Peer 1: 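Pasting in a structure now, in structure tokens, and then I'll have a few things to ask.
In this text the structure is predicted, and so the values were computed from the model without any measurement.
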Amino acid sequence: AADVDAVAGSPDVSVSATSARNPAPAARPESVIDGDRRTTWSPAFDDPTPELVLDYGRPVVVSEIGLRTSDGWSRRNNALVRVRVGGQEFVRSIPPTGRVSIPPTRGDRLTMEFVASERSTILASMELAEVVVNGQAFTPPDAEWTGGCGLGPDVAINGETVPTRI
């Protein structure tokens, strides 16, 4: 149970995708775990089977994935999602609720590959606002930092850590 609980709110989760329709910060793949339903990730129009990957960097147990889409996309479309965790693969239809269940599976990465079904429209119309794992939303990091004079958080810029001071 501790592994399941550790999934939500983990600051160590990194998110990547095979494509993005828009390069704006609010449309990056990371927007699916930022806790803000106004930000969304959408695959590029020319990506026939877009993938979204949540990398935990350590083993976790995944049993349910909630896909919160904008404008009722999951209710209007009958797309499939191929879920890969710990070397196991599960193909599920995305129901109108967006909740996809799999047997409890341990792995350090959760890969979701979106596949058009015969009745779905193009996948690029999907706007994924949030991914919820095991019923728990991710907790975004605090946007505010407080510290004494002469201190500051380290910031990563283009992969290089840069110390800051206030």
Side-chain angles (χ1 to χ4, degrees), residues 3-58 60-85 90-102 104-105 107-117 119-146 153 155-157:
D3 286 331
V4 174
D5 293 340
V7 169
S10 174
D12 301 325
V13 175
S14 64
V15 183
S16 61
T18 54
S19 69
R21 185 184 329 156
N22 186 329
R28 295 174 52 147
E30 296 88 347
S31 68
V32 303
I33 63 168
D34 68 1
D36 186 346
R37 292 196 59 149
R38 297 170 298 173
T39 61
T40 61
W41 167 76
S42 297
F45 288 112
D46 61 352
D47 190 346
T49 53
E51 286 188 9
L52 186 68
V53 179
L54 276 63
D55 189 336
Y56 292 95
R58 68 187 188 327
V60 295
V61 175
V62 177
S63 60
E64 182 182 85
I65 303 149
L67 303 169
R68 296 180 177 164
T69 59
S70 296
D71 299 324
W73 183 89
S74 60
R75 286 190 300 276
R76 292 189 315 273
N77 291 275
N78 188 28
L80 304 173
V81 63
R82 181 175 290 123
V83 177
R84 292 189 295 272
V85 179
F90 309 94
V91 178
R92 300 288 189 263
S93 177
I94 302 173
T97 62
R99 283 193 305 269
V100 175
S101 295
I102 63 171
T105 308
D108 59 354
R109 294 178 72 161
L110 166 60
T111 301
M112 297 159 281
E113 178 184 5
F114 299 94
V115 181
S117 70
R119 296 183 358 209
S120 68
T121 60
I122 63 169
L123 293 170
S125 66
M126 176 177 67
E127 292 183 347
L128 189 55
E130 294 297 317
V131 172
V132 176
V133 179
N134 299 337
Q136 297 181 339
F138 289 86
T139 305
D142 291 334
E144 183 177 314
W145 184 85
T146 58
V155 178
I157 301 174

Peer 1: Once side-chain hydrogen bond (donor to acceptor under 3.5 Å, both in side chains) is applied, do any residues pair with Thr105, and if so which ones, sequence neighbours excluded?
Peer 2: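 With neighbours one apart ignored, the set is empty.
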Peer 1: Mind checking what makes side-chain contact (heavy atoms from CB on, under 4.5 Å) contact with Ala20, not counting sequence neighbours?
Peer 2: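 Here the qualifying residues are Trp41.
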Peer 1: What pairs with Val132 under side-chain contact (heavy atoms from CB on, under 4.5 Å), at least two apart in sequence or on another chain?
Peer 2: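 Listed in chain order: Arg68, Ala137.
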Peer 1: With sequence neighbours excluded, what pairs up with Arg28 under the salt bridge (Lys or Arg N to Asp or Glu O under 4.0 Å) test?
Peer 2: Glu30
Peer 1: Checking Arg82 now: which residues fulfil salt bridge (Lys or Arg N to Asp or Glu O under 4.0 Å) with it, not counting sequence neighbours?
Peer 2: Glu89, Glu113
Peer 1: Under 3.5 Å, side chain of Ser42 to main-chain N/O of Met126, donor-acceptor pair present?
Peer 2: yes
Peer 1: Got Val133 and Tyr56 here, is their nearest side-chain heavy-atom distance under 4.5 Å?
Peer 2: yes
Peer 1: Using the test side-chain contact (heavy atoms from CB on, under 4.5 Å), find all partners of Asp108 that sit at least two apart in sequence or belong to another chain.
Peer 2: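 Scan of Asp108 (side-chain contact (heavy atoms from CB on, under 4.5 Å), adjacent residues dropped) gives none.
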Peer 1: Restricting to side-chain hydrogen bond (donor to acceptor under 3.5 Å, both in side chains), what partner residues turn up for Ser14, sequence neighbours left out?
Peer 2: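 Ser14: no side-chain hydrogen bond (donor to acceptor under 3.5 Å, both in side chains) contacts found.
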Peer 1: Just jot down the side-chain hydrogen bond (donor to acceptor under 3.5 Å, both in side chains) partners of Glu51, sequence neighbours excluded, or say none.
Peer 2: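 For Glu51, the residues satisfying side-chain hydrogen bond (donor to acceptor under 3.5 Å, both in side chains) (neighbours in sequence not counted) are Arg84.
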Peer 1: In Å, rounded to the nearest 0.5 Å, how long is the span from CD1 of Ile33 to CG of Leu54?
Peer 2: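 The CG atom of Leu54 is 6.0 Å from CD1 of Ile33, to the nearest 0.5 Å.
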Peer 1: List in chain and number order the residues that pass side-chain hydrogen bond (donor to acceptor under 3.5 Å, both in side chains) with Thr111, two or more places apart in sequence or in another chain; answer none if no residue qualifies.
Peer 2: none
Peer 1: For Ser16, enumerate each residue passing the side-chain contact (heavy atoms from CB on, under 4.5 Å) test, keeping only those at least two apart in sequence or located in another chain.
Peer 2: Val53
